[in-house]
Amino acid sequence: MEYTQLGRTGLKVSHIVLGTMNFGPQTDETDSHHIMDAALDAGINFFDTANVYGWGAEKGRTEEIIGSWFARGGGRREKTVLATKVYGNMGPDGERVWPNDDKLSALNIRRAVDASLKRLGTDHIDLYQFHHVDRNTPWDEIWQAIDVLVQQGKILYAGSSNHAGWHLAQANEAAARRGSYGLVSEQCLYNLAERRAEMEVIPAAQGYGLGVIPWSPLHGGLLGGVLRKEREGTGAARSTSGRSANALADSAIRARIQSYEDLVDKHGLVPGEVALAWLLTRPGVTGPIVGPRTADQLASALRAVELELPAELLAGLDEVFPGPGPSPEAFAW
């Protein structure tokens, strides 16, 4: 496993981030523990979760599974760089949402971090991330709350997720005025099929020293060999729902995915592994989040770390999935 520093910090993290969103809803506790053990054995030290994972009536369940894994000892917590998120309402679905039980008010941040710490069975969170933009809470209030948590030793760093480039600038300029450290990472939707982050989010992250953590690196399975699986009758469920189904209903997108799979086949490689390896070549990327449901899926992600993509393939990928180009030229000229 290769390691890099998270943005401008001295924190060293693996180039692959273990996403845990499937732990609970898709993968039971025992198998989740096995996957986390395998990830740690392979050198993955960066684990990402969120307080709402588990979803529905099971919100918080994923953090509890990670907490029970930490409780098994063996240096599991000490070896792990733990990231979780705050923003969503933690009440059961269908129940009344109380005014201060979500988003990024100082009150909710204080309550949410204590609840996450309890579920995770730890005394601190290494990276505490804002799961979405709170347009009604000023950054001064958010940083005041974060500074208190840092002083209390409950969190070490703060990051964002699903923020626009100007949000990153606004956040870190507000932090600088206060003498606060500011955001150190941005977790955004970024992959071969969805490259809009290159226009402003990634340049802003690089400009302010934030590590970029792409989520959905296979674009909901679209880049994981979906058409081959469709022909072979394997993995059909993933390709007939969600983002993949919506995309494949468009004949132009379907043709592009076919071109992608043909290009990868020409080089004797695996589509999903190529998609992950491509992200590791991109400027500013710390590491993509992989969310394995099985140990085999984790093994595939690990192979991508060691995959060196030839220049001919990289050029071909840009032809199939052209990026927007540099900002502001991409939209100004």
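Nothing here was measured: the structure is a model prediction, and the numbers come from that model.
Panel note: side chain T9, backbone Q5; no donor-acceptor pair is recorded below 3.5 Å. The backbone N or O of F23 sits nowhere less than 3.5 Å from a side-chain atom of S32 that would complete a donor-acceptor pair.
Between the side chains of N22 and T27, not a single donor N or O lies within less than 3.5 Å of an accepting N or O. Counting only N and O atoms by type, the side chains of W139 and Q170 include a donor and acceptor under 3.5 Å apart. If you check the side chains of R282 and Y190, you find a donor sitting under 3.5 Å from an acceptor. Looking only at atom types and distance, the side chain of S68 has a donor-acceptor partner in the side chain of H33 under 3.5 Å away. For the residue pair E63 and T84, a side-chain donor N or O sits within less than 3.5 Å of a side-chain acceptor on the partner. A donor atom on one side chain and an acceptor atom on the other are not found under 3.5 Å apart for E58 and Y53. Side-chain contact annotation: H124 with D126, donor-acceptor N/O pair under 3.5 Å present. Q151 and D147 are not linked by any side-chain donor-acceptor pair at a separation below 3.5 angstrom, with hydrogens and angles left out of the test. Side chain to side chain, E186 and N162 fail the donor-acceptor criterion of an N or O pair below 3.5 Å.
Taking CD of E78 as the start and CG of N45 as the end, the distance is 13.0 Å to the nearest 0.5 Å. Here the OH atom belonging to Y3 is positioned 12.0 Å from the CG atom belonging to L11, to the nearest 0.5 angstrom. From S216, atom OG reaches atom CD1 of I289 across 10.0 Å, with rounding to the nearest 0.5 Å.
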Query - Worked verdict on D102 versus R111 for salt bridge (Lys or Arg N to Asp or Glu O under 4.0 Å) - result: CA-CA 10 Å; D102 61 2; R111 289 172 173 171; over 6 Å; no
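Salt-bridge formation is detected for the pair E312/K266: a Lys NZ or Arg NE/NH1/NH2 atom is positioned less than 4.0 Å from an Asp or Glu carboxylate oxygen. Note on E64 versus R119: no salt bridge recorded, every NZ/NE/NH1/NH2 to OD/OE distance being 4.0 Å or above. Electrostatic pairing of D123 and K154 does not count as a salt bridge here, judged by no charged N lying under 4.0 Å from a carboxylate O.
The side chain to side chain donor-acceptor pair (under 3.5 Å) check on H219 picks up N191, with sequence neighbours excluded.
In this structure, D140 and R178 have side chains that are in contact, with non-hydrogen atoms separated by less than 4.5 Å. For the pair P288/I213, no side-chain contact is recorded, criterion being any heavy-atom separation below 4.5 Å from C-beta on.
For the pair R76 and F70, the cation-pi criterion (under 6.0 Å, within 45° of the ring axis) is not fulfilled. In this structure, R8 satisfies the cation-pi test against Y181, with its NZ or CZ atom closer than 6.0 Å to the six-membered ring centre and inside 45 degrees of the ring normal.
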